Amino acid sequence: MAGHHLFHVNHDHTTDSDVSLKDETVWLTQAQMVELFQRDNRTISEHVRNVFKEGELSEQAVVRKSRTTAVDGKICQTNYYNLDVVISVGYRVKSLRGTQFRIWATQILKEHLVRGYTLNQRRLAEKGIEELKQALAIGGQYPG
């Protein structure tokens, strides 16, 4: 899986992190979430456990196991967590990077919602205009 940037930390207070993209979602290991949110492994582990324990997400749907080779040559099973888990942990973790992540995620969500609303409004308007044209063409009866 190729690495891509989830978000960037620079002058505008965002963060860089290499992530894996597969099956139309982002996948991170727990170690990557530790780095991303700048919290210790125990804290991230607790948040991940609570996401499943509280029924926010189904573990079977959002976790993938992958065999990886460690630097010492040992083969290990590593859990990869999809974007749903990353977002859930990001909204739970208390750290500067967690705050930066929430700002970034909220901005992206707002942009997508506004764009989606705008596109849908445009489509509805275009459909209405087309229906009006058809009604005028067939003698003034509005279809539907």
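Start at 1 with the first residue, then count along the sequence. These figures come from a predicted structure and were not determined experimentally.
Judged as a side chain to side chain donor-acceptor pair (under 3.5 Å), and not counting sequence neighbours, Ser95 has no contacts. Residues passing the side-chain contact (heavy atoms from CB on, under 4.5 Å) test with Ile108, sequence neighbours excluded: Trp104, Glu111, His112. For Lys94, there are no side chain to side chain donor-acceptor pair (under 3.5 Å) partners at least two apart in sequence or on another chain. Under the side chain to side chain donor-acceptor pair (under 3.5 Å) criterion, Asn50 pairs with no residue at all, not counting sequence neighbours. Under the side chain to side chain donor-acceptor pair (under 3.5 Å) criterion, Glu46 pairs with no residue, sequence neighbours left out. Under the salt bridge (charged side-chain N to carboxylate O under 4.0 Å, His left out) criterion, Arg39 pairs with no residue at all, not counting sequence neighbours.
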**Request:** Step by step, work out the side-chain hydrogen bond (donor to acceptor under 3.5 Å, both in side chains) result for Gln30 and Asn79.
**Result:** CA-CA 7 Å; Gln30 186 166 314; Asn79 284 343; over 6 Å; no
**Item:** Candidate pair Val48 and Val51, rule side-chain contact (heavy atoms from CB on, under 4.5 Å), full reasoning
**Value:** CA-CA 5 Å; Val48 169; Val51 164; 5.7 Å; no
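Of the inter-residue distances, the one linking Gln32 atom CD with Tyr81 atom OH reads 12.0 Å to the nearest 0.5 angstrom. Note that CZ of Arg102 is 8.0 Å distant from OH of Tyr91, once rounded to the nearest 0.5 Å. Once rounded to the nearest 0.5 Å, the distance linking NE2 of His47 with CZ of Phe37 reads 9.5 Å. Taking CD1 from Ile44 and CD from Gln38, the interatomic distance works out to 10.5 Å, rounded to the nearest 0.5 Å.
Taking both residues in full, the closest heavy atoms of Leu28 and Val26 are given as CD1-CG1, 3.4 Å, listed atom of the first, atom of the second, then distance. Across Thr29 and Tyr80, no two heavy atoms sit closer than the pair CG2-CE2, 3.4 Å. Scanning both residues, Leu57 and Ser88, for their nearest heavy atoms gives CD1-OG, 3.7 Å. In plain terms, the two heavy atoms of Leu36 and Arg97 that are nearest each other are O-NE, 3.1 Å. Nearest heavy-atom pair across Asn82 and Ala61 is ND2-O, 4.1 Å.
The stretch residues 49-63 participates, sequence neighbours left out, in these salt bridge (charged side-chain N to carboxylate O under 4.0 Å, His left out) pairs: Glu54-Arg92, Glu56-Arg92.
Looking only at atom types and distance, the side chain of Arg42 has no donor-acceptor partner in the side chain of Ser45 under 3.5 Å away.
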Distance-only donor-acceptor pairs under 3.5 Å for side chains of residues 67-74, two or more places apart:
| unit_1 | atom_1 | unit_2 | atom_2 | d |
| --- | --- | --- | --- | --- |
| Thr68 | OG1 | Thr78 | OG1 | 2.8 |
| Asp72 | OD1 | Lys74 | N | 3.0 |

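Checked options Val86, Leu83, Val85; the residue passing with Val62 is Val85 (criterion: side-chain contact (heavy atoms from CB on, under 4.5 Å)).
Residues Leu109 and Thr106 fail the side-chain proximity criterion, which asks for heavy atoms closer than 4.5 Å.
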